[in-house]
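Here the structure is laid out as structure tokens; the discussion comes afterwards.
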Amino acid sequence: MYIQRAYKHLAILEEEGRLLPRLSLLANNAYSGKEYNGETTDGQIIITRHMIDKLVVRSFPPCMKQMHKHLRVNHHLKYGARRQYGLFLKGIGLSLDEAMAMMRDEFTKKIPSDKFDKEYGYNIRYMYGKEGRRVPQTAMSCAGIILRNPPSAVDCHGCPFRHCETGLLKQKLASELKKDQVEKITQFAENNQYDKACTRYFEFTHHLEEGGLGQLITHPNQFFEESQKIIAERIAAKKATQGGAEVEKMDTQ
RNA sequence: GGCGGC
DNA sequence: GCCGCCAACATA
Ligand code: SF4
């Protein structure tokens, strides 16, 4: 029964990791049809739009969680978010087709599909380098997100640590963190140390010690990559000890 | 969103 | 009203 328990935890963990399909099962030919212009690390697994909702929970930074939620709730994203979130998704490996489908599935709940591709199709293809100059766009860094194109009152893009009133920020963080953790983070935010605020957020949500990440978060995609790396490591550790007594004690959250 | 074309 | 084109930059 220890073993059974271990397998259950493992299953949950794997759902959060994107390395679900065995690498060995995906020969290089699995990538046919897709194009990688250097920014996508090799060896990574293809991400589909159906995996996003799971990945958001553990591996997306606050800014992206914000926009993803808005997308699911309002079935729409304003220009700024479409770009910031769209490029981030592209950065984590979501293909053009998947991104296009994901947005259409959602937007199309409020507008006719023909209006969708007339209104948003071009820009999405453009981000993937399929229009105009045909150069794939790269995601914005925290600095870029914080410095340029500030969100207006109705926008949902930007950086929560920088663009949310501390009241709202605390409220948002409260749903996934302890009170004292929320305080520490908002303290950094109020002190305009957004990178530290985000790094602490990462450490707390990944159950690391403060400073345990060993680096500052300066890019949303870095946040994602580091998160996936940790989850992968824990899956590996789990497999190595599964069946053993250690498994029971291990907190995989 | 901005710029541009009719 | 119809349409095209652009911006970015962590990173082992
Ligand atoms: S710090 Fe960078 S990653 Fe963290 S929320 Fe703000 S923008 Fe997103």
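Lettering follows sequence order; numbering is per chain, from 1.
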* Asked: Does a side-chain N-to-carboxylate-O contact under 4.0 Å join A/Lys109 and A/Glu106?
  -> yes
From [atom1] of [X] over to [atom2] of [N], roughly how many Å is that when rounded to an integer?
{"X": "A/Arg83", "N": "C/dA8", "atom1": "CZ", "atom2": "C1'", "result": "7 Å"}
{"X": "A/Met140", "N": "B/rG1", "atom1": "CE", "atom2": "C1'", "result": "11 Å"}
{"X": "A/Leu213", "N": "C/dA10", "atom1": "CG", "atom2": "C1'", "result": "13 Å"}
{"X": "A/Lys229", "N": "C/dA12", "atom1": "NZ", "atom2": "P", "result": "9 Å"}
{"X": "A/Gln137", "N": "B/rG1", "atom1": "CD", "atom2": "P", "result": "18 Å"}
{"X": "A/His219", "N": "C/dA10", "atom1": "NE2", "atom2": "C1'", "result": "5 Å"}
{"X": "A/Leu87", "N": "C/dA8", "atom1": "CG", "atom2": "P", "result": "10 Å"}
{"X": "A/Lys130", "N": "C/dC6", "atom1": "NZ", "atom2": "P", "result": "15 Å"}

* Asked: Would you call A/His70 and A/Tyr85 a side-chain contact if the rule is heavy atoms closer than 4.5 Å?
  ->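 When only atoms from C-beta onward are counted, A/Tyr85 and A/His70 do not touch, as no gap falls below 4.5 Å.
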* **Pairwise side-chain contact, A/Glu226 with A/His206, heavy-atom cut-off 4.5 Å (strictly under)** =>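 No, every pair of side-chain atoms sits at 4.5 Å or beyond.
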* Asked: With distance as the sole criterion, is a donor-acceptor pair present between the side chains of A/Glu98 and A/Thr48 under 3.5 Å?
  -> no
* Would you mind telling me which of B/rG1, C/dC9, C/dT11 lies closest to the side-chain atoms of A/Glu225? => C/dT11
Describe the nucleic acid contact of [X] in one word from base, sugar-phosphate, nothing, applying a heavy-atom distance below 4.0 Å.
{"X": "A/Ala139", "value": "sugar-phosphate"}
{"X": "A/Gly144", "value": "sugar-phosphate"}
{"X": "A/Arg82", "value": "nothing"}

* Side-chain N,O (A/Thr218) to OP1/OP2 (C/dA10) below 4.0 Å ->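 No, outside the criterion.
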* Asked: When you check the phosphate oxygens OP1 and OP2 of C/dA8, does a side-chain N or O of A/Arg148 lie under 4.0 Å from one of them?
  ->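 So the side chain of A/Arg148 is within the cut-off, an N or O lying under 4.0 Å from OP1 or OP2 of C/dA8.
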* **DNA chain C contacts among residues 116-124 of chain A, heavy-atom distance under 4.0 Å** => A/Lys118, A/Tyr122, A/Asn123
* To do: Taking the six-membered ring for Trp and the single ring otherwise, decide whether the centroids of A/Phe60 and A/Phe88 are under 6.0 Å apart.
  =>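 A/Phe60 vs A/Phe88: aromatic centres under 6.0 Å.
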* Asked: Which distance, rounded to the nearest 0.5 Å, do you find between the CG of A/Asp53 and the NZ of A/Lys69?
  ->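 Taking CG in A/Asp53 and NZ in A/Lys69, the distance rounds to 13.5 Å.
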* Just wondering, are more than 12 heavy atoms of other shown residues or ligands nearer than 6.0 Å to CD in A/Gln215? ->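 Count over threshold, so yes.
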